[in-house]
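The sequence lines fix the lettering, A, B, ..., with proteins before strands; numbering per chain opens at 1. In this text, all values refer to a predicted model and were calculated from it rather than measured experimentally.
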Number of protein chains: 4
Amino acid sequence: MSSSELDVLQTSAGALCQRYSSIRRDSVELAEPVSPEDGVIQSMPDVSPTRWHLAHTTWFFETFVLKEWLPGYAPFNPAFETLFNSYYNGVGTPFPRERRGQISRPGHEDVLAYRRAIDERLTKLVERELDGDRGALLAERIVLGLQHEQQHQELILMDIKHVLSQNPLHPVYRELDSAPGGAPPGPARFERFYEGLRSIGGEGAGFRYDNEGPRHRVFVHEFELADRTVTNGEFLAFIEDGGYSRPELWLADGWSTIGERGWSAPLYWTHADGRWWQFTLGGRRPIDPAEPVCHVSYYEADAFARWSDARLPTEAEWETAAEDASIEGRFARPGGHHPRAHGKSKPGMQRLFGDVWEWTASDYAPYPGFRPPEGAIGEYNGKFMCNQRVLRGGSCVTPEGHVRRTYRNFFYPHMRWQFGGIRLAR
Amino acid sequence: MSSSELDVLQTSAGALCQRYSSIRRDSVELAEPVSPEDGVIQSMPDVSPTRWHLAHTTWFFETFVLKEWLPGYAPFNPAFETLFNSYYNGVGTPFPRERRGQISRPGHEDVLAYRRAIDERLTKLVERELDGDRGALLAERIVLGLQHEQQHQELILMDIKHVLSQNPLHPVYRELDSAPGGAPPGPARFERFYEGLRSIGGEGAGFRYDNEGPRHRVFVHEFELADRTVTNGEFLAFIEDGGYSRPELWLADGWSTIGERGWSAPLYWTHADGRWWQFTLGGRRPIDPAEPVCHVSYYEADAFARWSDARLPTEAEWETAAEDASIEGRFARPGGHHPRAHGKSKPGMQRLFGDVWEWTASDYAPYPGFRPPEGAIGEYNGKFMCNQRVLRGGSCVTPEGHVRRTYRNFFYPHMRWQFGGIRLAR
Amino acid sequence: MSSSELDVLQTSAGALCQRYSSIRRDSVELAEPVSPEDGVIQSMPDVSPTRWHLAHTTWFFETFVLKEWLPGYAPFNPAFETLFNSYYNGVGTPFPRERRGQISRPGHEDVLAYRRAIDERLTKLVERELDGDRGALLAERIVLGLQHEQQHQELILMDIKHVLSQNPLHPVYRELDSAPGGAPPGPARFERFYEGLRSIGGEGAGFRYDNEGPRHRVFVHEFELADRTVTNGEFLAFIEDGGYSRPELWLADGWSTIGERGWSAPLYWTHADGRWWQFTLGGRRPIDPAEPVCHVSYYEADAFARWSDARLPTEAEWETAAEDASIEGRFARPGGHHPRAHGKSKPGMQRLFGDVWEWTASDYAPYPGFRPPEGAIGEYNGKFMCNQRVLRGGSCVTPEGHVRRTYRNFFYPHMRWQFGGIRLAR
Amino acid sequence: MSSSELDVLQTSAGALCQRYSSIRRDSVELAEPVSPEDGVIQSMPDVSPTRWHLAHTTWFFETFVLKEWLPGYAPFNPAFETLFNSYYNGVGTPFPRERRGQISRPGHEDVLAYRRAIDERLTKLVERELDGDRGALLAERIVLGLQHEQQHQELILMDIKHVLSQNPLHPVYRELDSAPGGAPPGPARFERFYEGLRSIGGEGAGFRYDNEGPRHRVFVHEFELADRTVTNGEFLAFIEDGGYSRPELWLADGWSTIGERGWSAPLYWTHADGRWWQFTLGGRRPIDPAEPVCHVSYYEADAFARWSDARLPTEAEWETAAEDASIEGRFARPGGHHPRAHGKSKPGMQRLFGDVWEWTASDYAPYPGFRPPEGAIGEYNGKFMCNQRVLRGGSCVTPEGHVRRTYRNFFYPHMRWQFGGIRLAR
């Protein structure tokens, strides 16, 4: 969100309410293909039910806006304070994450009623307070809530994909408007970047998460970066070359992970009837060798890179390469919740944004001088800065306009249900 | 089901179809207070979603009636053959039990459509075949399917109680038509039974499960049996006397079970605001000391008995005592899914049937000469004859008319979500 | 131990001390082939280190004799009261069983010193007190301690076999004095026993464990019992007939057990270089088809019986058949810690005693009227009467003279490291 | 090891053999206080038995020197190739790590014989081959083996401390020659370092591990570093201020780790009789507030830093500060296997080396341009570069002369059995 956009939202109650209701509506629309039965299921502890996402994002506004701005605020339902708290220890003990799939009530309709009630209260608050003393702060907090809601829009899609994939009936969330079958692109081209002292991270006006700053200097050695992400066809070659059974290609933790979990292909791939299939949000369909490989863990990305005699880029390298790139690519839209096949080679870096998140080799760590904000809201990002790896660039299930060049997504190295792919460096 | 009743069902297609549709309708009615969201949840591996029960009982008729009687039968949906198979290895590999709660489709409406389609096919089959060569066998198999469906009616209630109990909102399945607050009964009276060679188990015409026979002789030593089951008030005295923290009262496996699981009261009991509460199918309410204690494991029943200087009866003792008792008590009906408070003492054994299942000290073992039927249907009972204990008499969630004097229910000693109570012997 | 033997021990301090030192010496001799390193290892939670057995049996005499008879007794080492308590909650909290293999000290020599110290104190006590008021009781308690020590002698052998079997070097505990290679016996013959009211269990003078009584009547139906136990050759035929992959042969709990643990043969069997081997206390050697099959779980015994169109006997049947049998067979002796090959058929029941324990179909339950003794010593047997199955007859690692016709051994159905075999009934 | 030292070892067989036998002897001497029983135990999967360390370090020379230099080399014992392989998949499948404590043979004496045999073969090889074509390479490999042996000398001490700590008898490995009771030092002083482009990592002649290079530039922001490590007294203040129960002080993974494991103090600390004790290699003794806190996990170090309004240094910061420091401090010696109490404040950084390893905030990652050597020896370091954190400076159980300014030790964030302490930065 640019600085001028933020300015508008901080000064016009109408604009802010419109933005609010638009993003809030997007969530409800995403849930439309989700049946009441679908929307309850937690297919693994990392996944949350759709219904929970709809309630939790509402809880976020209730907790961090209404409660903070309205002295004596009476909660919509005191039990929700616990039930829909994700991980903010500063505002009470959250209901255990792994038990979210055991809670059937409030049901879908009741959650929609909760959303409407909070929306109404929040809209009134904005109308009354935006031009008051703490108006800019209020707008900032609401904008944070909307960015948060967009993150959960991506999670709704990631999670429902995992839920539906458990079912041998291969249910369809929404038909995709593309079919497999394109011609594979030629080999990736590597572009060289010269060494130097760079600045990365965000600063100045406009919205960004706390973890994107402070902007700071970092020395980047000369490196090369592939102009596109790795394709399914290339990853198949790795599989066929025995990639999953050659320990010398793997990190020690990766090797034990694939052994314990019995992995021999990316998540959602199955081999049946003599060919490879993948489960998508549009149901099951054959692997398209021209599409970017997706749903790989960091370990698989790293092993593939080693097999390719390459490596994964650091986030400083990635951000250096992205400095002048425009933020274009496949972002979330109905029918488009799947990465596009790569086409013919073109000059320049292709699709640094959208389609698939790109694993970096970087530990998710605080930037020099980083301090999370005071209070429970400070738990948003900082406390996760250990054991995770940074991914960059957004994906086909990220809302349009949500990512930035400095945007840092992060997952544990063994995680695969996010739309994560591979761009090689060397 | 008496011999004459069975005769009628074996000779009148009208009577059989009417019985069939009546029991099938009962299941659907039981599911009415269950929301689509409720009906998906598997709150522990022992529990199955309501929707699964509705589909599985239908699968039973499709698999063991339609498929066996109709050569070349095309299944309603081939994926259902696996999805809704509970544990019959003889007809394919069942979908993993612990993953039943990960399957959202077919949804509730689709399951009802499945039920209607099978009901229609089965009704036609009966009308065409009941007076044919294998008509008596067909009726017998359908009757087995209906008894099976009744067992799942009890499971629907047990399971949804467990599901709803997970929710801090204390949801109500259906309001109960009784309230706590009766006067506690006087002390239990013990009735003496003299030693002798008895016959137990069922034989002759009429329906019964294979595990109830053969009828056989067993030597029963002199014993005494309490005239009523143990009350909540008596069990509270055990708790207050440190029952859960005195190892000398417990079986070794019981002591380790309560330690590992942190048990200090029956299932569904909680202590809050200075008093004891229990979760019921009508929501949460205070413990009534006059009601029979319910939802205790075998270990708790056994420890309570030891604390009382008594023991649990064997199933031969129980059946001896029940020989002349009429099968009366609280069975399942809307508003009555909870055991009744004990009233004033009356002569004779009270409520051997209904209200709460009664744990016996007997291992669930084959009777001398027992042989399961040939084929997959032989998996119904026999293969579970290890590590479980017999319970007798039915409960307030058992369908009226379902239990017999020779009826053997069975659960593992650590299980508590069935409506199991305690009757003392010595 | 006969009544007259017990009489002697109760009246002659010399005889009692001699018996005591003889059995105590046996334990130390059994530990001689065990290196200090061997003697520390706990290869699974059920196993205890040899050193622990030597200390625990000593602790038993210290706790249940010295402490009870000597007011103000000062323990040899207060830490041992916890470290070497097995499961007697009545005398303190035992050191966690699964951590016995983490304790290296006291080392082997220190444990021997502990034994000597307690032996000396106990001998003095006997000499002083045996003709006193409580002399008979003292002798009885010491005899119990000696029977207890003999049980641990069997455990030392079972446990060290399991420990050594973990090692790819196939270490030898002691060379066996027999080699595989006998001719397989002819088919087993079944002997018929007529129905009737029998009495089982022990009574009268002489030593027995509390769980063997009271003697009581039980109605036994007509049955047939095989004249010998099942051989390796017969069990191999079961394996080769797909026994481990046919669910219809297995109890439900058995089927899940073999699936989870990946069992496809008895414990200690391995298939290598085109043949079957077994690990013995004399190292690894080829399977002898004439030897009794050993180290099978209850589940395997039961599945084998079902495959043979037979079943396992109840303990009442077994005791009926053993009524007139002499207690002869292979019991523990150096070079003989392995069951003997079956020879040519002979009239009568063969080897009901010794060689291999025989699984019965009976739940390990209290006999009618059973009451454990008061105090911590009452924990010896009674609290284990749930979830276990009875085995009868003793084995080639049971000390000579230890078992009786009424002797009840017991293990969980999944356990295989005891020397357990199969005798068929029908 | 300096460049000139390495030169000597590469050219003088006598010097090389002397160095070899001196370091090899150190290992055996370290094992002297370890009884045969102690030396078998694996008290948790991370720990290896002493005996295993003595054998594995020998296996290292056999595998990476004798086998590579002697064509047709016949192994000392083929089973050892698997048993004593730690994690080198390139030379076969290692025996499962978590089962090292189940192997009692070869026993202690047999392992010493193995050591002598390999020592003899290796000495002969050196005498024959050091002035040959591959002599420099041979010396380099042997030096690597000696550094490897020194790492295992530290592991022997870490591991035996953990083994002995399991025992309620508080055994002593070796008496310490210092006693608790010094005066606590004054508050730590922070020294400022200015920002700049630095070079870190090793290069040039002399021995170092592959993971220490290549030397490369890194931009370091201005920072301050404490002049000494955190004391027990300071850490006690953290505990007493509720440090272990305030989620806002912890990383999310740290908070869940302390919850699951029930941690409320550093490893080896216990609270008894109204005071804090710690288990040391000299047995149990009271906490000395002047000593450096030790045996804390990364999570605890990080939480303590946050509580102190500080943070942990990066490894670049640490190496910057260490640039001119002399490598002095408490390293391993008999009686000295414990960190020293801090004394009065002195100018300059104190004890960057020795006493306790210092956690850094840095992910253990490859330096730019890092490539592991070809072959199985390349598994030494590289494959562990994920999920671990770097520690710097060595400890009181590190052999004298083993660490360098560029030395990178690494452990998972939850690990505490290494001698790890805390130096604050900000």
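If you measure heavy-atom distances from B/R198 to chain C, you find no contacts under 4.5 Å at all. Contacts of B/R426 with chain C are absent, with no heavy-atom separation under 4.5 Å from either backbone or side chain. Heavy atoms of C/E195 lying under 4.5 Å from chain B belong exclusively to its side chain. With a threshold of 4.5 angstrom between heavy atoms, C/R389 approaches chain B through side-chain atoms but not through N, CA, C or O. C/Y412 touches chain B through its side chain: at least one heavy atom from C-beta onward sits under 4.5 Å away, while N, CA, C and O do not. Contacts of C/F223 with chain B are absent, with no heavy-atom separation under 4.5 Å from either backbone or side chain.
Listed by sequence position, the residues of residues 314-323 of chain B in contact with chain C number zero, using a 4.5 angstrom heavy-atom cutoff. Close approach to chain B, defined as a heavy atom under 4.5 Å from one of its heavy atoms, is seen in C/P247, C/W250, C/L251, C/A252, C/D253, C/W255 of residues 245-261 of chain C, taken by number.
Relative orientation of the B/Y244 and B/F235 rings is perpendicular, given thresholds of 30° and 60° on the angle between their planes.
We find that C/E358 and C/R392 are not joined by a salt bridge, their nearest charged nitrogen and carboxylate oxygen being 4.0 Å or further apart. With respect to the salt-bridge test (charged N to carboxylate O, under 4.0 angstrom), the residues B/D210 and B/R408 do not qualify.
C/W359 contributes atom CH2, which lies 11.0 Å from atom CG of C/D302 (distance to the nearest 0.5 angstrom).
Note: B/Y299 leads B/Y87, B/Y298, B/Y299 in heavy-atom pairs under 4.5 Å with chain C.
C/R141 forms no cation-pi arrangement with C/F60, by the criterion of a distance under 6.0 Å to the ring centre and an angle within 45° of the ring axis. At least one cation-pi condition fails for C/R100 and C/F84: the charged atom is not both under 6.0 angstrom from the six-membered ring centre and inside a 45 degree cone around its axis.
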